[in-house]
Every structure is written in C-alpha cells, then in structure tokens.
Amino acid sequence: MAFGKGCHLHLIDGSAFIFRAYHALPPLTRKSDGLPIGAVAGFCNMLQRYVEGNNGPDAPTHVAVIFDKGSHTFRNDMYDLYKANRDAMPEDLRPQMPLTREATVAFNIACEEMEGYEADDIIATLAVQARDLGGRCTIISSDKDLMQLVGGGVEMLDAMKNKVIDVEGVEEKFGVGPNRVVDVQALAGDSVDNVPGAPGIGIKTAALLINEYGSLEQLLDRAEEIKQPKRRQTLIEHRAQIELSKRLVQLDENTPLTFSIDDLEVRDPDPERLLDFLARMEFRTLTKRIADKLGTEAPVIEDAAPVAADAPEMPEIKDATYETVRDAITLQTWVDLVYEHGHVAVDTETTGLDDMVVDLVGISLCVNAGHACYIPLAHKQGSDDLFGSDAAAEGQMPLQEALDLLKPMLEDESILKIGQNMKYDAKIFNRYGIDLAQFDDTMLISYAQNAGLHGHGMDALSERYLGHTPIPIKSLLGTGKSQITFDRVPIDDATPYAAEDADITLRLWQLLKPQLHQKGVTTVYETLERPLVPVLAQMERHGIKVDRDTLSRMSNAFAQKMAGLEAEIHELAGQDFNVGSPKQLGEILFDKLELPGGKKGKTGAYSTGVDILEDLATEHELPGKVLDWRQLSKLKSTYTDALQTHINADTGRVHTSYSIVGANTGRLSSSDPNLQNIPVRSEEGRRIREAFVAEQGNVLVSLDYSQIELRILAHVAGIDALKQAFKDGHDIHAMTASEMFGVPLDEMTPDVRRQAKAINFGVIYGISGFGLARNLRIPRSEAQGFIDRYFERFPGIRAYMDETVQFAKDNGYVQTLFGRKIHTPEINAKGPGAGFAKRAAINAPIQGTAADVIRRAMIQMPAAIKDLPCKMLLQVHDELIFEVPEDAVDDTVNTVRGIMENASDPAVKFDVPLVVDAGQGANWAEAH
DNA sequence: GACATCACG
DNA sequence: GACGTACGTGATGTCC
C-alpha cells in the first residue's frame, strides 16, 4: 500500500531504546560464551511490548526503527566539537549494537540507518514526507531535538511515560511553538550534544527573546535594541556561534534516503526467524512468551556449559595442570587459541621488580579458566652448583622467536589482553619492542569497584574471590641473602607458579569485569583508571634528571653539621647516646633531665615527636638541637643519600613508579623513590630540589592547581560567598578571615589570615576543636569558638558535612563528582574508629574529586602535547612537571594550562573557575 | 615486622 | 559523659 491519507507512520528512535535498555538492566551475559547481552534483551522486550501494544484500531500502517550509524556526521564537518563530550560507548555495549539491528529485522520491522546522518535526520525526513503525503506520523522518542518536527499530523510519544507530546507539550518545554524550537535551542545551546549556544542564556531567556523578536534572525539583526547590556553584548559578540548552533540543531529534512516510505509497511512477524534469533541469544523467558503469543512451539535452548562470571563452575585451580611451551609450533597453537577466544590473560616473569632494569624471563598465557601455559625464555641452568651458571637452561625456545610470534597478537586491537597491574607488563613489553594494545587490568577493575574495602594485589583478590592462595613467590626464590632471581628457578617449578598467575588473573577478570556495570563504575574504570596506564608508563620511562654531584655535596655538608650537633647534644645530655633512637632520647629527656611531659602511646614509650620537642625547646636547649639533627638526618638518609641510589645507570635519570591504586581517594602514590614528598617547606630542604634538573637547553616547567580542594568544597557545598571570592580572584584565606572576624580586607593581619587558613584546611579534613586547637596552639575552647563561628557564617558547609556522613552511613561509601566510589566500611562502627571514618568520609569526595580532575588532565595530555617537544615527567597531586626546550615554554604552558583548567569538562561543570599557576627554571626549586 | 618519626599535597 | 581526633600517602631507622 502506498503511503497517503489515512496512513499512520511510527518511527522508533532505536538509540534511545538501546540506551534505556542498557541502563535499566543488569549486565546479563549469554550463558554459553559470556557475550554481554543485557541491552539486546531489554531492546527485544521493548520491541515486543511495542508490538503487543499496537494492534488495536489505531495501529500504524507503517513502522521503522531508525538507528544512528557511525559517529561522524555532517555536523562534525561544521563543528568538530559536536558531541565531542560524549563518553565513549561502554565496552560491554559495543558488541550489542549489531545485535539490536538483527533483532529489529527478526521482528520483521524495517530497520534503517545511514552513514553520515543521525537517526534524527532520517526521522525528520520521513516525518515531513508522511505529513506532506497527508498521513500521520508518531515519533516514539522523548528526545527534545525531535520536538521541532511536531505539528501538522506529527507528534511524539514518550514510550516510558506513555505520554503524547504534541504542540502544547513542546510549548510547555520550550516556551515557543515547534517552528521556533531550533531558535531557542540555538540560543540556549546543549551541553549534552556540546552545542555552544549563547553563554549565559538558557531556555527561559531564549524563549523570552524569541517571543519578543519573532525569530532568531530578527533578534540577531536587532540585537542593539536589547536593553540589558550584558545580554546585548553576548548576542552581538557570539553571533557566529549562535548561528552555527542553529545549523547544528536544525534537522535535515532532505536526507537522501536509500529507501522509500512505502517500504516501511507493517509486516507480520516470521515466527521461525524471530524465535530462532531469540533462541540464539538464549533468552529463555522471552522466547517462550513470544512463542505463546504466536501460537507456536518455543525452540529448545540448550543449557550450554557456562563460562561467564556468575558461573562458579570453573575447574578448581588446585587440580589444574599447566603446559610448558618450548617450541614455536606449540606456541602457535596457543596464539591460535587466543584468537579463537578473543581474549587472553597475560603475565610476564622477570629477574626483579624494577621494570626499568629487569630482564624478561618468561611469559604465561591463559585463555580459559584452568587452561594456561608458561613460555620459559631466559631461564639459566640450575643453581645446584654454588656459583650458578650463565648457560641457558634446556628446553626453551629463542626469546626473539617467541616475541615475534606473540607481538602481532599483543598489538592487535581486536584481542583483549588481561593482566594484573598491566603497567608493569606493558613497560616490560615496551622494552622488547612490543606496544601492548587493548587491555583490561584486574587490579584496576577491583579498585574501581572496591576502593576502601580491601587491597587489590593478586594474592588478596585470589583469596577473597577465588578462595585460593596462590603459590608464594618466596617458595621459589627463597628469602634474604640466599634469594635467587626468577631466571634461576627450574622451569618445572616456574611453570605451575607462572601459569597459575595467568589463570588466576583470567578468573578474576571473569568474575569482576561484569560487576563494573552492576556497581555503576564502568565509566570510572574506562575514563579514570585504565587510560592512565599508558600515560603513567610513559612518564615513568622518561624519568627526571637528577644531578648526583649536587646530592653528594649536600650529603657531605649534612654529615658534618650532624656530627657537630651530635657532639653538642651529647654534651648537653651529659652522656653519649643514639640521637636517632626515640627510646633513648625519651629516657634522657624525661628520666635524666626530668623535663615535663609524660608517657604516651600504646607501647608505653615516651613520645618525642616534633610537637613535644618544640614545646620542650622553651625549657631546655637540647630538644631544639635534636630537632635540627633530625631534620638533617631525614634530609640526608631519605633524600640526598637514597636518591643517588635511584639514579638509573643507563639513563642518568630517576624513574619513580606510580601506583594507580595506592590511595583510596583516587590520588596516585609514588614509590621507589617517592617523588611526591621531596622537601619544599623548609629552606634547607627545598635546596634538594636544585638537584632535579632539566637537560641542556631545556627547562623544567611546573603547573599547579591553585586551591583546588577549597574550590571544590565551595562548589559541592554551594557556598556563594566562597564561590564569588574565587570568581573575583580574591585571597580566599583573607576573605574567610574577614567574614569570620569582621576584619576589613585592607586591615587584615598575617596572623588572622593564618588562623583562617588553618580553619579552611581543617574543614577539608573534617575539622574538630581538638585538632584545630593543636594545629594553632590555642586553647581548645577558643578553637571550638572559631569553628562555631565558621559554621554560623557558612551553614552550607555544615550541611554538606552532615549530608556526606549520612550518605556514607546509608550506603557504605561516598562519591566524587565524577562517580568514583570510596568505601567507608568503618563508618557505622562504634568507638574511635567511627571518628576516623567520619572525617575520612568528609575528606574523600573533596580530595577524590581533585584527584579525578588531574587524572582527566593527564589522560588528555599526550594527545594535547603531541606536536610540542615537551615531556610530562611528574605528578604531585595538584601539580604536573614538564621538561621543555627553552623556546617551547610559552606554547607548552598555554596548552597544558588549557587542558588542566578545563579538565572537568564536560563531565562536571564547576561553579568556580579552576586556576593553574605556572613556573619555570633550570631546576625544580626554581620551577616551583 | 611493628612502631615512631617526618617528608609531601 | 568519656573517648580520642585533623585528610591522604611512602621511606627510614630502631628495636624486638
């Protein structure tokens, strides 16, 4: 039947169905092979409900499901940022996309999509055709971008709310009729699609203006007449941007369709085809339901052997036997197996822990629970003779031959590599010329789900989730002086250990990966954890140049001063003792010299911390000397001495190791050496930073977020006064002091400001009167008074703290603005533990959000600086350090600052600006 | 290996 | 009413 008067066309927005189905359902997987299938199941259910609900008198004569195809459309050619803020499609959804098309076809409903056009354009073109042919059209979608089409026989239907959206509905939403919807959208913009619009103008104002001037074009032509100066200026200044926005939101009603509206005629389902599809998807309930409706027999769905996560029927690890791969033919069969499965757990064995130095000894693979192998590559002959032998052990294939066979698979984007702490393995592979692509990391998957609940090392995960204690590495290597390296382990012993690690990793992945979706942290994992791995790997590889001579000279100077101080201390004490022993020092101070201040701590030992000694310094000369000695001792042992041992012999640089899961809040941690706690607060300590230098012709550039945690606090707690102060670029501590103590800003004294600063920080840490009193060395009652006054002035902060604690009590976790979850298992405990948990819960969203912001900046950084000659070297929580050729400093600062200041976009829109300060110099002391 | 101390944000 | 208390890390030296 040709479409015409009396006909009724239904157009279903396919993408909307898919996303609704995806988010509404748990992450179901097909039992036989673990294929994610939840969105397809939901999609089929929705289609079936649609079919069942549309066989009455008002049934459509024509129907189609319209999909988006590809991500690049003609709108991207107009504006390359169009929809640029969209998060990548979740991984477990991507493979379901083609299946939703198959499902539509199986239901015998027309299924249309066109390269280069959005579904909305196809829908617009068909709706207009239907209208022009004298028929009706119902668009099954609630997408506001389609509302411009309503009217003249075209209406929309929100399938979830079963609510019709007609001309009045559109007017309600936009304040104008459908024909002016695009004008309003052009002005208001759209953060979801990244349509810029006019800054500061929302839908309300836009509708007001359009109604007053009749159309967008008239409004822009007569913009000079607008009374409000700011609005007038905005419209004049951003005219081009507004006009572009209109072109972006205007749907193309003349899409060159490759089919005719007549092709969309409603067809009866073909039972065999539909049921066959549903059975193939293994939808038991739905298959049966639809078979009943169609009056046919439901096909039998075999109970296939499950491999998926919720299938505990894995073979026991302790029963597994693992294969040793000793030749190319066997290895090739394993590579073939990997391609059959599409994924593989990989683990590397090396001669040590320092991935910048160690050699590869072997590789293990696992394609399925219990099905793993070990490929020994550089084992040496047994350690039975006392000195060991450098001869290679028998029965190993040549290392290069193995790598040549594995490299294409490891670099193949269609094969998912699964590892535990993949940064390590990726760095090892990189040193052997292999660029690992497409991976999952069980450590990061665990961290994204369970930060704060437990550790994420393999042993901990294996015991907790698999009930299996892995073979301890010490049982192979021994301990202490007689410890050997892995290449000295006999291959027959190495195989069960190494292959088991890969086996465990694969099992953990099968178990934990599907839970990402369930726990709502897929985006956290995919945008904040996993993409950081290659970024950190490269920073660690770069390392930072450290000048050994500078450190060495400092060590000598410190040693001399310490010797002098030590003599003085012994003199004052009247006896020799170990100044570095708190126990001996306590006895000297409190027993021999009988200074005031008693025992403390569970161990019953005297406490001799810096606070105590500072107080004692007014009573006696000795404690001050000890403090000086301690400072020097710290600087020497931890920094000037230890750092030298970390200088890599090949690179002359120091390569720290960052841990993504090191801190529960989302912060990174740095170790071996820790480069996040290089001294800066004391003058003497800061000089250590002079040893961190740039290569010849380069400088170090440091960029750091200014007051980021306080800005986040102002945002999350919604404190207008603080937000305004940040917008105006005021001194936030002085502002706080002024608000609290009523001192005008121009009469502010440094001391009052200092107190306000302590309070500001205290708030972030979950303030207590006791803590503030100790920090400021004021009476507790006075500190409590400060806090009371602070909360009186900023009641929103008290409310935020209370709400956060309550949220933690209700949910067992708190969240950052980017969705990171930090668990607080102790929050409902009794006793002092609850106090800790409470303060941690208050602090975590703030510290964690700041951590998320800089993570986002770092993840974007490689692409942003790819044309610049600079290198990102270090991260210190709110600071990034780059090494830059002198003539590229300005470009680098501009680019990096832009990325950092806008790092929250578009996921979070802060009410306060993020500000980044920059410094540069030949060394880190100058740059900071 | 636990503890105390102290370096950083 | 008493109890302990600022948040988050890592490295070092003592001492058992």
Side-chain angles (χ1 to χ4, degrees), chain A residues 451-452 479 577-586 600-613 626-627 629-643 645-646 656-659 661-682 684-686 688-689 704-710 713 758-776 780 783 787 814 822 824 830-848 850-851 854 874-879 924 928:
Chain A
T479 54
F577 69 101
N578 185 349
V579 185
S581 164
K583 186 165 172 279
Q584 294 179 30
L585 175 66
K600 261 191 189 170
K602 303 152 212 167
T603 51
Y606 290 116
S607 175
T608 66
V610 58
D611 286 3
I612 306 268
L613 294 192
V626 172
L627 282 173
W629 182 92
R630 277 202 187 149
Q631 193 199 3
L632 295 174
S633 164
K634 181 80 171 187
L635 294 178
K636 182 172 186 292
S637 67
T638 310
Y639 300 104
T640 56
D641 286 353
L643 267 177
T645 70
H646 284 285
T656 184
S657 177
Y658 288 104
S659 170
V661 305
N664 288 334
T665 53
R667 272 195 181 177
L668 303 180
S669 70
S670 157
S671 62
D672 309 299
N674 181 355
L675 295 186
Q676 290 182 322
N677 70 346
I678 303 302
V680 69
R681 291 173 187 170
S682 76
E684 264 188 314
R686 184 156 53 237
I688 289 171
R689 295 189 172 214
D704 69 291
Y705 285 106
S706 161
Q707 310 281 16
I708 186 167
E709 292 193 356
L710 277 175
L713 176 69
I759 297 168
N760 275 333
F761 278 104
V763 166
I764 291 174
Y765 297 152
I767 200 161
S768 75
F770 182 92
L772 184 66
R774 202 178 60 171
N775 188 290
L776 286 176
R780 203 174 151 175
I787 294 171
V814 291
I822 299 119
T824 56
K830 290 202 172 112
F836 281 112
K838 213 168 118 177
R839 291 191 297 273
I842 290 167
N843 175 260
I846 300 170
Q847 186 181 118
I854 197 165
L874 300 178
Q875 189 249 40
V876 192
H877 308 310
D878 62 357
E879 174 188 16
W924 196 359
H928 188 268

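All values below were derived from every heavy atom in this structure, side-chain atoms included, with hydrogens, water molecules and symmetry-related copies excluded. In what follows, chains are A, B, ... by sequence order, proteins preceding strands, each numbered from 1. If you're wondering where the values come from, they're calculated on a predicted model, not measured in any experiment.
In this structure, the CZ atom of A:R681 is 10 Å from the C1' atom of B:dC6, given to the nearest Å. Atom P of nucleotide B:dC8 and atom CG of A:L643 are separated by 13 Å, given to the nearest angstrom. The nearest whole Å value for the distance from the CG atom in A:L635 to the P atom in B:dT5 is 18 Å. Taking atom CD1 on A:I854 and atom C1' on C:dG8, their separation rounds to 15 Å, with Å as the unit. At whole-Å resolution of the value, CD in A:Q875 and C1' in B:dC8 are 12 Å apart. Between A:L675 atom CG and B:dC8 atom P there is a gap of 14 Å when expressed in whole angstrom units. What separates CZ of A:R686 from C1' of B:dC8 is a distance of 13 Å, to the nearest Å. A straight line from CD of A:Q676 to P of B:dG9 spans 10 Å, rounded to a whole angstrom.
Between A:R630 and B:dC6 there is a side-chain polar atom (N or O) within less than 4.0 angstrom of OP1 or OP2. Of the side-chain N and O atoms in A:S682, none sit less than 4.0 angstrom from OP1 or OP2 of B:dC6.
A:S633 places no side-chain N or O within donor-acceptor distance of the main-chain N or O of A:W629, the cut-off being under 3.5 Å. Between the A:T656 side chain and the A:D672 main chain, no donor and acceptor come within less than 3.5 Å of each other. A donor-acceptor contact shorter than 3.5 Å links the side chain of A:R689 to the backbone of A:I678. The backbone N or O of A:Q875 sits less than 3.5 Å from a side-chain atom of A:Y658, completing a donor-acceptor pair.
Separating the C1' atom of C:dA2 from that of B:dC6 is a span of 31 Å, rounded to the nearest Å. Only the C1' atoms considered, C:dC3 is 30 Å distant from B:dA7, to the nearest whole Å.
The distance from atom CG of A:N674 to atom OG1 of A:T638, rounded to the nearest 0.5 Å, is 10.0 Å.
Minimum interatomic distance between A:I708 and A:A850 (heavy atoms only, all atoms of both residues): CG2-CB, 4.0 Å. Minimum interatomic distance between A:S682 and A:Q631 (heavy atoms only, all atoms of both residues): OG-NE2, 2.9 Å. Of all heavy-atom pairs between A:V763 and A:L713, the closest is CG1-CD2, 3.6 Å.
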Less than 3.5 Å apart, which donor and acceptor atoms pair up between the side chains of residues 606-613 of chain A and the rest of the protein, not counting sequence neighbours?
from: A:Y606; atom 1: OH; to: A:D591; atom 2: OD1; distance (Å): 2.6
from: A:T608; atom 1: OG1; to: A:R630; atom 2: NH2; distance (Å): 2.8

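Taking A:A451 as the reference, A:Y447 meet the side-chain contact (heavy atoms from CB on, under 4.5 Å) condition, with sequence neighbours excluded. Every residue two or more places apart in sequence or in another chain that forms a ring-ring contact (aromatic ring centres under 6.0 Å, His included) with A:F577 is listed here: A:H570.
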- Task: Indicate for each nucleotide in nucleotides 9-16 of chain C, in 5' to 3' sequence, whether protein heavy atoms under 4.0 Å reach the base (B), only the sugar-phosphate (S), or nothing (-).
- Result: SBBSSSSS

- Query: Could you write nucleotides 1-6 of chain C as a row of B, S and -, 5' to 3', where a protein heavy atom under 4.0 Å of any base atom gives B, of only sugar-phosphate atoms gives S, and otherwise -?
  - Reply: ---BBB

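In this structure, A:Q631 reaches the sugar-phosphate backbone alone: every heavy-atom distance under 4.0 Å involves primed, P, OP1 or OP2 atoms, never a base.
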- A correct dot-bracket answer for DNA chain C, with pairs being Watson-Crick or G-U at under 3.5 Å, [ ] for crossing pairs and | for inter-strand pairs, is ......|||||||||.

